[in-house]
2 protein chains.
Amino acid sequence: MPRVTLLDVAKAAAVSKMTASRALREHSDVAAETRERVRKVAAEMGYVPNQMASMLSAKSSLIIPMIIPSISNSVFADIVAHAQPLLLEAGFQMMLFNTDYSLDQEEKAIAALMAWSPAAFILSGVDHTEQSKLQLKNAGFPVVEMMDLTEDPIDLAVGFDHFLAGADMARYLIGRGYKRFAFCGNQLNMDTRAYKRFVGFRDTLQANGFIEPSLFNIDEPEGVLTQDVFQSMVNAKDGLDCIYFSNDDLAISALLLCARLGISVPDQLAIAGFNDIPLGRQITPRLTTTRTPRGLIGEKTAQYALDAIKRKEGIPRVLDLKSELVPRESA
Amino acid sequence: MPRVTLLDVAKAAAVSKMTASRALREHSDVAAETRERVRKVAAEMGYVPNQMASMLSAKSSLIIPMIIPSISNSVFADIVAHAQPLLLEAGFQMMLFNTDYSLDQEEKAIAALMAWSPAAFILSGVDHTEQSKLQLKNAGFPVVEMMDLTEDPIDLAVGFDHFLAGADMARYLIGRGYKRFAFCGNQLNMDTRAYKRFVGFRDTLQANGFIEPSLFNIDEPEGVLTQDVFQSMVNAKDGLDCIYFSNDDLAISALLLCARLGISVPDQLAIAGFNDIPLGRQITPRLTTTRTPRGLIGEKTAQYALDAIKRKEGIPRVLDLKSELVPRESA
């Protein structure tokens, strides 16, 4: 299955290679009838012009990469669902790279992508290797960092404050009267945003006279909370009455396991999550969580990337879209 | 923020542009000390060689695109989790394109990607536009179609039989004594694999003397089963005693809504899903479903793509990895 070349098309259309090339570039030297015939033959044979060659003279490609840390976290699916239509409509193709929260893998993906001259670049979070930052700062195309905030973005940051989200949840749970807390996350050594929420949660508890919350780290890419792990978590700390999970998926597993183990929520154990996914509104008891502005992050990220490509004025360097605590029945 | 050029690097390293270029390509004409200095300066400045230019002479890039129909369907996250490590380890970068089940969007992504000379190409399903098939057949790189089977793959197909999976579930549910059936899916006009399962389910019911199952189509990209829609579904058909959902996410929402609405499962209504995701084992009652070989599909797809790039012998044209019905408590 060799690739169809321009010469193959020229032969099949019974013209010279030069004429075929001109016909496909809509050159007016070639008769309209011939142009039409060559185009038809090229389409039938599945011929694609070598875009790499034709793009060398242009400044950039029509491709916008988005680097996401986890394809199994539904938060990023929501962001893609809101960003992609805007980018497609503007004539760009969005490609996704999954890094499994590895900044090293992110650096390699950036290095590979730089050579393709993307029109703009979207990545997750504000924590990157020095080499990644250096490459993107010198890249000559707009860079949007999404999901988190920083005082020093590469170009633009669109997100919300994770430390504050954790601190808000601590204050709410203190107000509900809980006393012995735990925080449970996944890959916390790599998921820097979840770790920032833990720090906000811990610092606020300690500032209010509570002891440091226990920290549980599941530490596997799929991030599944099994019954064994949950049971050992519940048994590990005497008097534990509240667990704050780093995402709703884990919190919903915990609610299902509580039902299975006969643990009454919130009376015996309170459960809080993060993100506000639809299942959390359907489960009984309904999940107390923090709503993250995922759709808006996707839209604003795409919009600012497009605005920056067009060199529009007045794009903010940092856009804080804020998260919102949603009190329900589970805590 | 202009892009760092070779000339910038040459100036900073106090060498000519020609020497800088040779140094970066490890040319032996350039003294080792100079090569080292130029490399160091280039790294510090974030310089990236123009790979498009350097790759024109080679046959293909180190990029392997994977087209997936839905980033919000966790099935594809599992496939990526199993395929990506193998491709990365072999020195390739995997890029993802999300089509929202649109074959038209798939065709556009293929056209855009063809020009980048991928090393191999992975796509989902065996249903594509004529133009997509033609382009890929003439592409000159290996193409793997995953998740479904066909007698006429572009190159290789790795998946399982969706018609059979639907037929198996019909036979199981008939055996459990249910009488009035419904099938509920999402975007069934675009999700051809779910529709094949519906056809297998319907044909088997009818062949066994049952009336045609009701068909419910949620038809929105996020695919959320709301309480209103579920209630109208349950009320629509007199004597309905069993719903087969096109995926576990919908079936789990249904189980949570049954608990909320006081519908006893499986006594008043039986619920079956598809995929076997972890939550289905944690919910009460546990979900009856079909286990799909997602991890294995990801692994085999990556392995065969790599084997085909290396032109290994003996790669099967079609690999049937089979699905397996998992009877539990919900039906």
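Chain letters run A, B, ... following the sequence lines, proteins first and then strands; every chain starts at 1. In what follows, every heavy atom counts, from backbone to side chain, and hydrogens, waters and symmetry copies are set aside.
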Using every non-hydrogen atom in the two residues, find where Ser72(B) and Ala77(A) come nearest and quote the distance to one decimal.
CA-CB, 3.7 Å
Residue part contacting chain B, namely of Glu130(A), when any heavy atom lies under 4.5 Å
neither
If I measure from the heavy atoms of chain A, does Ile79(B) come under 4.5 Å with its side chain, its backbone, both, or neither?
neither
Given the options Ile252(B), Asp249(B), Val80(B), which has more heavy-atom pairs under 4.5 Å with chain A than any of the others?
Val80(B)
Nearest 0.5 Å, please: how far is CD in Gln282(A) from CZ in Arg260(B)?
8.5 Å
Less than 4.5 Å apart, side chain to side chain, heavy atoms only: is that true for Leu279(B) and Ser253(A)?
yes
Would you say Leu256(B) and Leu256(A) make side-chain contact, with heavy atoms under 4.5 Å?
yes
Rounded to the nearest 0.5 Å, what's the gap from CG on Leu113(A) to CD1 on Ile63(B)? Could you check?
6.0 Å
Proximal component of Leu225(B), with respect to chain A [non-hydrogen, under 4.5 Å]:
backbone
Pick one of side chain, backbone, both or neither for Thr226(B), based on which atoms fall under 4.5 Å of a heavy atom in chain A.
backbone
Please output the residues of residues 89-97 of chain A in contact with chain B, using a heavy-atom cutoff of under 4.5 Å, in numerical order.
Gln93(A), Met94(A), Met95(A), Leu96(A), Phe97(A)
Pick one of side chain, backbone, both or neither for Gln84(A), based on which atoms fall under 4.5 Å of a heavy atom in chain B.
side chain
Heavy-atom distances under 4.5 Å only: say whether Ser74(A) touches chain B with side chain, backbone, both or neither.
neither
Side-chain heavy atoms of Asn138(A) within contact of Asp8(B), under 4.5 Å:
no
Sequence neighbours excluded - salt bridge (Lys or Arg N to Asp or Glu O under 4.0 Å) pairs with any residue from residues 99-119 of chain A:
Asp104(A)-Lys108(A)
Chain B contact via Ile110(A) - which portion, at a heavy-atom distance below 4.5 Å:
neither
For chain A, find which of Pro65(B), Ala81(B), Ala109(B), Ser70(B) contributes the most heavy-atom pairs closer than 4.5 angstrom.
Ala109(B)
Could you measure the distance from the CD1 atom of Ile283(A) to the CD1 atom of Ile283(B)? Nearest 0.5 Å is fine.
6.5 Å
